[in-house]
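Report on the structure given below.
Read the numbers this way: they start at 1 and go in the same order the structure lists the ligands and their atoms. Position 1 is the first residue of the sequence; numbering continues from there.
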Amino acid sequence: MFKFSIHSSQMRRLAQFLLALVLGLALLTWAASSVVRTTAQEWFERDVNSRARLALAGARPSLAAAWEGDAAALRTHIAELNRDERVMGVALCNADFTVRASTPGFPEAFGCWAVGSRVRGEEGWSSVATLPTGRASVNAVPVAELGFAVLVQDLSYIERRESQAQTILVVTFVLLAALALGVPMFVAQWVRSGRRAEIRKVRLEMEEQTEESSSLQWNAERLKRTLSRHLHGEKIVILSNREPYLHVRKADGSIEVQHPASGLVTALEPVMRACSGTWVAHGAGSADRETVDRFDGVRVPPGEESYEIRRVWLTEEQEQGYYYGFSNEGLWPLCHVAHARPQFRAEDWRQYREVNQKFADAVCDEADSDDPVILVQDYHFALAPAMIRKRLPAATVIVFWHIPWPNAERLGICPWRDELLEGLLGSSILGFHTQLHCNNFFEAVDRYLETRIDREHHAVVRQGHRTLIRPYPISIEWPVRWAETGETAAESRARVFADLGLRPDALLGVGVDRLDYTKGIEERLEAVEALLERYPEYRGRFTFVQLAAPSRTKIERYRLLNESVEQLTERINARFGREGYAPIRLLRAHHEPPDVFRYFRAADLCYVSSLHDGMNLVAKEFVAARGDLKGVLVLSEFTGAARELTEALIVNPYDLEAASEAMMMALRMPVEEQRDRMRSMRAVITQFNVYRWAGKMLEDAARLRSQERVASRMSARSLVG
Ligand code: F6P
């Protein structure tokens with residue numbers, strides 16, 4: 001096999017090799033042709049001589065008979081011998097070397113005197129000589145005792161033929177050499193120019209993307225355009241545990257559509273509305289089964305119906321082992337530094353594997369091509385990427401890990417850490433919120449698996465498959481649809497104050513979370529307590545309202561948190577509350593986004609006190625809600641959001657004094673400063689919105705797909721046997 005390369009140095013080497021080959025062949029041909037020429041000449045001459053001797057020998061008796069007779073009869077005989085066009089002349093010489101008869105034009109060089117002395121015995125004499133007309137052969141035979149006959153033949157035709165053959169040989173050789181040199185060079189050049197065209201195309205696409213990235217702000221339209229331009233409008237399939245819309249049966253028997261409290265849903269739902277496609281998720285709502293079609297699908301959002309949810313049903317056992325067990329008692333505490341001990345049970349792991357396979361199969365069933373774009377979300381599906389890749393090797397699987405990724409040492413305590421890493425490396429792109437989490441992942445792969453880490457391109461290569469590991473800080477849609485209700489901040493404030501029974505001069509703080517121990521809700525309430533303790537002027541005036549969506553309540557740790565938050569609230573309220581005033585208002589219920597946004601608009605401050613959080617979109621939603629540029633965000637330094645929203649008051653939630661101080665500063669902050677900070681944070685989110693988050697991943701995926709396509713086309717073309 002001969003491998004044509006595309007590099008110019010290799011082209012040069014190929015040309016040198018071919019040139020040497022052709023020169024070698026030319027030398028060989030020249031040597032061979034000389035040998036052939038000499039041999040052929042000898043053969044021809046021998047042939048001519050023997051034919052001349054035969055002719056003379058045949059004519060001898062008749063010549064002898066006619067020798068003494070009539071001269072005219074003798075001339076007729078020699079004219080007979082001279083009939084062949086290559087015979088230059090025939091002469092009959094007497095024994096005394098005088099001429100008896102000769103044909104006209106007989107060459108003088110072979111006259112009777114010149115030849116006679118050489119003719120001996122019966123066999124006569126023969127020789128080759130060069131005449132001015134070219135080479136000639138001379139044959140002389142004795143005729144009885146009377147004399148001898150001489151026959152001269154022209155040999156110059158042999159040279160002429162040889163030189164014609166030589167010309168044909170040279171022309172053929174030149175043609176073959178041109179072909180030998182030209183064809184491979186042409187093929188190599190063609191392959192090269194083909195690749196150049198491919199590279200130009202990829203570069204052009206990249207330039208277009210860069211141009212677009214730098215010039216325009218991301219929005220739903222642009223995301224849609226990116227999908228159709230760079231991914232040919234391919235239908236997107238999202239996989240997550242949590243579905244974006246739950247159908248819930250209410251006490252009065254009616255069915256309500258709920259938006260779950262989930263950062264993942266907050267981010268992905270607008271993306272799906274922009275792109276359309278299918279969202280595969282666990283059907284967890286109490287009326288979910290009643291609202292699907294026969295393929296377990298339901299079109300959403302209600303009234304808009306722009307994409308489909310494909311619900312996957314789980315048995316109680318599966319939900320227990322996969323969701324409550326391995327995902328939320330194992331991985332969740334493993335990935336968060338929040339002092340909950342991870343529980344790893346073999347049965348949970350078995351269910352996790354089984355359920356991952358079930359969802360991976362559902363996703364593959366939804367794919368409408370053999371190279372779909374699939375977005376796998378979060379820690380519930382660490383194994384699904386490899387499972388999907390097994391069924392659809394050409395799929396572009398983009399995984400986003402919504403929670404922090406632990407350092408290698410911490411990950412090491414999980415008995416199935418290798419399997420988790422291997423599962424995730426089935427993806428094409430693996431995204432985390434921050435570079436730190438990417439670094440942790442590289443470290444873990446380095447420590448636990450046989451892989452090649454390509455640090456230059458931020459990729460891991462395992463068994464020939466490459467996975468890009470990149471930070472993609474998640475965000476929210478911009479503008480947020482819930483912020484555009486038509487209700488002003490003052491109206492929202494009035495409504496919330498009325499609902500909570502607050503005095504008009506009251507100050508309001510807000511916290512919005514799932515009731516989860518990573519959110520630092522206990523520390524938050526304690527910080528409020530510290531505020532009231534240290535700054536008595538806020539007693540009776542400052543109220544902190546905590547919207548707490550019950551979450552994972554089947555898990556002991558969450559039940560304990562519930563109790564603890566409730567007890568803390570009671571204690572602080574007992575300590576600082578009075579008739580008509582409770583400093584903490586704990587609203588433990590699911591709140592729909594319009595209500596949440598009303599609280600955001602009504603508040604003087606929002607405190608996000610996560611002990612550890614991948615990003616925390618509540619912080620961004622609060623900023624998005626404040627079109628009036630008022631309100632202050634107090635934000636834990638342990639959130640991903642703290643890296644972007646630097647104009648928030650950044651605190652360590654464990655440091656209760658500092659946190660209470662930050663709340664005090666927020667309550668006293670001049671309106672001008674509030675505006676400046678809010679304006680700047682809004683500018684960040686406007687630009688770094690969720691369309692950009694998804695767009696960047698899709699652009700990277702598109703680039704990867706086109707690079708892979710070029711690579712596979714090139715490798716198909718590069719082998720020329
Ligand atoms: O930030 C996203 C997230 O924390 C997910 O990781 C999680 O799935 C979701 O919010 C809420 O949790 P759950 O789906 O268990 O209600």
Less than 3.5 Å between some nitrogen or oxygen of [X] and one of ligand 1, yes or no?
{"X": "Asn328", "value": "no"}
{"X": "His402", "value": "no"}
{"X": "Tyr323", "value": "yes"}

Where do Ala367 and Pro372 come nearest, in terms of heavy atoms and distance?
->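 The pair with the smallest heavy-atom distance is CB-CG, 3.5 Å.
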Check Ala602 against Ser492 and note the closest heavy-atom contact, atom names and distance.
->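 Looking at all heavy atoms of both residues, the closest pair is CB-O, 3.9 Å.
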Protein heavy atom at shortest distance from [atom]:
{"atom": "atom 8 (O) of ligand 1", "result": "His380 CE1, 3.4 Å"}
{"atom": "atom 9 (C) of ligand 1", "result": "Ser262 OG, 3.5 Å"}
{"atom": "atom 12 (O) of ligand 1", "result": "Arg552 NH2, 2.8 Å"}

For ligand 1, is any non-hydrogen atom under 4.0 Å from [X]'s backbone (N, CA, C, O), its side chain (CB onward), both, or neither?
{"X": "Phe400", "result": "neither"}
{"X": "Met615", "result": "neither"}
{"X": "Val265", "result": "neither"}

Atoms of ligand 1, numbered as shown, that sit under 4.0 Å from any heavy atom of Ile403 =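 Numbered from 1, ligand 1 contributes 6 (O).
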Hey, which atoms in ligand 1 end up nearer than 4.0 Å to a heavy atom of Tyr379?
->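 What qualifies from ligand 1 is 6 (O).
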Hey, is CD on Glu317 packed in by over 12 heavy atoms from elsewhere, all under 6.0 Å?
->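 No - once you tally the heavy atoms of other residues, nucleotides and ligands closer than 6.0 Å, there are 12 at most.
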So is Tyr324 in contact with ligand 1, going by heavy-atom distances below 4.0 Å?
->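 Outside the 4.0 Å threshold, so no.
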Taking the non-hydrogen atoms of Gln377, is any one of them nearer than 4.0 angstrom to ligand 1?
->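 Contact check Gln377 vs ligand 1: negative.
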[Y] and [X] side chains, donor-acceptor separation under 3.5 Å:
{"X": "Asp700", "Y": "Tyr472", "answer": "yes"}
{"X": "Glu347", "Y": "Gln351", "answer": "yes"}
{"X": "Ser262", "Y": "Arg514", "answer": "no"}

Determine the interplanar angle of the Phe622 and Phe600 rings, folded into 0 to 90°, and report it as parallel if under 30°, tilted if 30 to 60°, perpendicular if over 60°.
->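 Answer is perpendicular, since the angle exceeds 60°.
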Proximity winner for atom 11 (C) of ligand 1, if only heavy atoms of Arg242, Lys519, Arg514 are counted |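 The residue whose heavy atom sits nearest atom 11 (C) of ligand 1 is Arg514.
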Among Leu264, Asp378, Asp613, which one has a heavy atom closest to atom 5 (C) of ligand 1?
->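 Ranked by closest heavy atom to atom 5 (C) of ligand 1, first place is Asp378.
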Quick one: are the ring centres of Phe344 and Trp349 less than 6.0 Å apart?
->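 Not under 6.0 Å, so no.
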Compute the centroid of each ring, for Phe400 and then for Trp693, and state whether the two points are separated by less than 6.0 Å.
->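 Ring centroids of Phe400 and Trp693 are less than 6.0 Å from each other.
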Mark yes or no for whether Ser551, through its side chain, and Leu515, through its backbone, hold a donor-acceptor pair below 3.5 Å.
->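 It does not hold such a pair.
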